[in-house]
Structures are given as C-alpha cells and as structure tokens.
Amino acid sequence: MAAAAQLEDVPNESLFSELLRRMKCAPKPEKRIILVGPPGCGKGTQSPIIKEDFCLCHLATGDMLRAAVAKQTPLGLQAKAAMDKGELVTDDLVVGIIDEALKRPSCSKGFILDGFPRTVVQAEKLDAMLETQGHKVDKVLNFNVEDSVLEERITGRWIHPGSGRSYHSKFAPPKVPGIDDISGEPLIQRKDDTAEVLKSRLDAFHKQTTPVIAYYSQKGIVVDLQAEKPAKDVTSQIEKALS
C-alpha cells in the first residue's frame, strides 16, 4: 500500500516516461560492464551514453557508499562506523553495497561499474558475488590515453565556480580568456588540475590498475579503447565492442 500511495503522487509525465523507458529496454540483452581509465580519460562523457543506449544502471561506489550512509541501511551504518574511526571501508562491505544496488529495477538489464574494482582482490570478490547470482562481468572497457595527452587535457581546464560550466584553454576556450561566457565572472582552475597532482594520481592509477587489467585480460573480456580520439569516435568504439 505504501508503494501505491507513493505512485499516486508521481506526475503522469514521469510515469509515462518510465513506462516508455521500460518498454524500450525490455528487448535489450543484459550487460555487465566495468570502466577503467585514468583521470581525464573521458569515462564521464561516455558513461551516460552507454547507460542510455544499453539501459544499464551506473554504479559509482563513492556515491553508493554516501547514499547507503545517508539512508542508514545496515551496510551503510557499518560503513559509517568504519569511517568515523578513520578506517577504510572493507572490500566485502563495498561488494555488499553493490550487491544491494543490483536488486533495484533500474539494474535489471545490468550495470556500468566505475571506480571499482581497484585491486585484484576486489575483482575476485566482485566475481564471486556475481557468480552467486548466476552472472559475470561481460566486458571491461579500458580507456587508454597517453599520460602526456591527459596532462594537456586536465591542466587546460577552467571552471566557472557558480554554475560548474567548464572550458579548456585549447579545446573549448571562453570568448574572453579567464572569463565565463555567460556571467562575465572569473574562471578558476581546480587545485587538483595541476601537472604535479596529476602525475601523483596517474602513478597511483597505473600501479593499482595494471594488475586488474591483467586479471580480466586472462578472461578475454578486456577491450582497449583509443580514448585519446574525439568523443564521437570513442562512442563508436564502445558500441562496436558491446554490440
């Protein structure tokens, strides 16, 4: 009854939109995809496209942990207790939160997992959890970009803090350098968007991720994307890999 009462308050447009989405998604094959790539590789651009085209849910473990803590789910309370003590959230807890998320109707056709697994142990635990459901990871999309290209992409980014509008000194410059096109207010560079910070993040990424890619390569499910290409070309590569 509670669920029915909640539905009564949902606008017709939203109900029709969701019904149409489910009808469109019904014939789609199930897919379970992991995205791997360094900062600035383009995962954030491609994720919404993959989600829409293949009717998948997008699971970002950081967001999921925060949501579980906010909702005070049993796993969320465990995560909060660990974080309050200054401890890392265990791999088993993260996998448990992913397991919970996969029970949502929006994940019925599969998922895009971003930011996890970061280690081979995490990959093994994820595989074991999926196996209990009779599923497995179908593809690992590896966004390959040379570090030098990433440095150019990231160190050239400028942000309008009020709106989040982003620019790039080379690829998408503002009409007036350092000034937001719409508001006329100054643009800023994020503290993390420097060559020094990027080098540290890339070193950590390569150290963590190389063994994970090797783990999934042994299963024959890794697709190496030429992610330095324009976004439309990367989308075409992904569609080919997942079709």
Side-chain angles (χ1 to χ4, degrees), residues 2-3 7 18-37 43 46-69 71-79 82 88-143 208-225 235 237-243:
L7 282 175
E18 177 59 17
L19 180 61
L20 289 171
R21 187 192 72 81
R22 295 198 185 192
M23 289 172 64
K24 181 194 82 170
C25 291
K28 298 267 186 181
E30 295 182 11
K31 293 186 185 297
R32 291 162 187 86
I33 301 161
I34 293 173
L35 306 186
V36 178
K43 289 187 300 177
Q46 300 298 331
S47 292
I49 300 170
I50 302 170
K51 176 182 175 181
E52 177 69 20
D53 286 353
F54 295 95
C55 297
L56 308 177
C57 65
H58 182 206
L59 305 179
T61 50
D63 294 342
M64 293 160 66
L65 273 170
R66 286 186 285 273
V69 169
K71 292 178 182 175
Q72 297 189 328
T73 67
L75 290 175
L77 292 173
Q78 289 181 48
L88 291 174
V89 177
T90 66
D91 294 342
D92 288 332
L93 198 53
V94 176
V95 170
I97 288 174
I98 294 171
D99 189 14
E100 276 190 348
L102 296 183
K103 296 179 174 67
R104 302 196 308 247
S106 60
C107 295
S108 62
K109 288 295 179 179
F111 60 80
I112 307 162
L113 189 52
D114 188 359
F116 190 92
R118 294 180 185 272
T119 67
V120 172
V121 171
Q122 291 175 348
E124 291 171 342
K125 289 179 182 292
L126 176 66
D127 283 351
M129 180 272 285
L130 291 173
E131 190 175 352
T132 64
Q133 301 179 3
H135 300 311
K136 61 181 177 61
V137 175
D138 297 303
K139 292 288 181 187
V140 175
L141 301 181
N142 184 24
F143 286 67
Q208 283 185 333
T209 310
T210 299
V212 176
I213 292 296
Y215 170 82
Y216 283 117
S217 292
Q218 291 175 350
K219 297 175 179 288
I221 59 173
V222 173
V223 177
D224 291 317
L225 303 174
T235 301
Q237 293 178 58
I238 292 171
E239 289 174 348
K240 183 178 179 181
L242 299 181
S243 62

From Ile112, Val222, Ile50, Asp224, residue fulfilling side chain to side chain contact (heavy atoms under 4.5 Å, CB included) relative to Leu141: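 Of the listed options, the one satisfying the test is Ile50.
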Qualifying residue, where the test is side chain to side chain contact (heavy atoms under 4.5 Å, CB included) with Leu113 and the options are Ile34, Val36, Val137, Leu56: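 Only one option passes, and that is Ile34.
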Identify each donor-acceptor pair in which a side-chain atom of residues 90-102 lies under 3.5 Å from a protein atom, sequence neighbours left out, and give them as a table.
residue, atom, partner, partner atom, Å
Thr90, OG1, Leu93, N, 3.2
Asp91, OD1, Gln122, NE2, 2.9
Asp92, OD1, Lys125, NZ, 3.0
Asp99, OD1, Lys103, NZ, 3.3
Asp99, OD1, Gln133, NE2, 2.6

Rounded distance [0.5 Å steps], [atom1] in [X] versus [atom2] in [Y]:
X      : Y      : atom1 : atom2 : value
Asp63  : His58  : CG    : NE2   : 8.0 Å
Phe111 : Lys51  : CZ    : NZ    : 14.5 Å
Ile49  : Gln46  : CD1   : CD    : 4.5 Å
Leu126 : Glu131 : CG    : CD    : 11.5 Å
Lys219 : Lys139 : NZ    : NZ    : 14.0 Å
Ile33  : Asp114 : CD1   : CG    : 12.0 Å

Any heavy-atom pair between the side chains of [Y] and [X] that's under 4.5 Å?
X      : Y      : result
Leu59  : Arg104 : yes
Tyr216 : Asp127 : yes
Phe143 : Ile238 : yes
Glu124 : Val120 : yes

Heavy-atom pair with the smallest gap, counting every atom of [X] and [Y]:
X      : Y      : result
Asp53  : Glu239 : OD2-OE2, 3.5 Å
Thr61  : Gly115 : OG1-O, 3.9 Å
Lys109 : Ala26  : NZ-O, 2.8 Å
Ala123 : Pro117 : N-CB, 3.4 Å
Cys55  : Lys24  : SG-CE, 4.0 Å

Under 3.5 Å side-chain donor-acceptor pair for Thr119 and Gln208: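 There is no such pair between these side chains.
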Arg32 backbone acceptor or donor facing Lys136 side chain under 3.5 Å: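 The answer is no, because no donor-acceptor pair under 3.5 Å joins these two groups.
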Donor-acceptor contact present, side-chain Lys31 to main-chain Phe54, <3.5 Å: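 Checked: no pair found.
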Residues Glu52 and Arg21 bridged, charged N to O under 4.0 Å: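 Salt bridge absent between Glu52 and Arg21.
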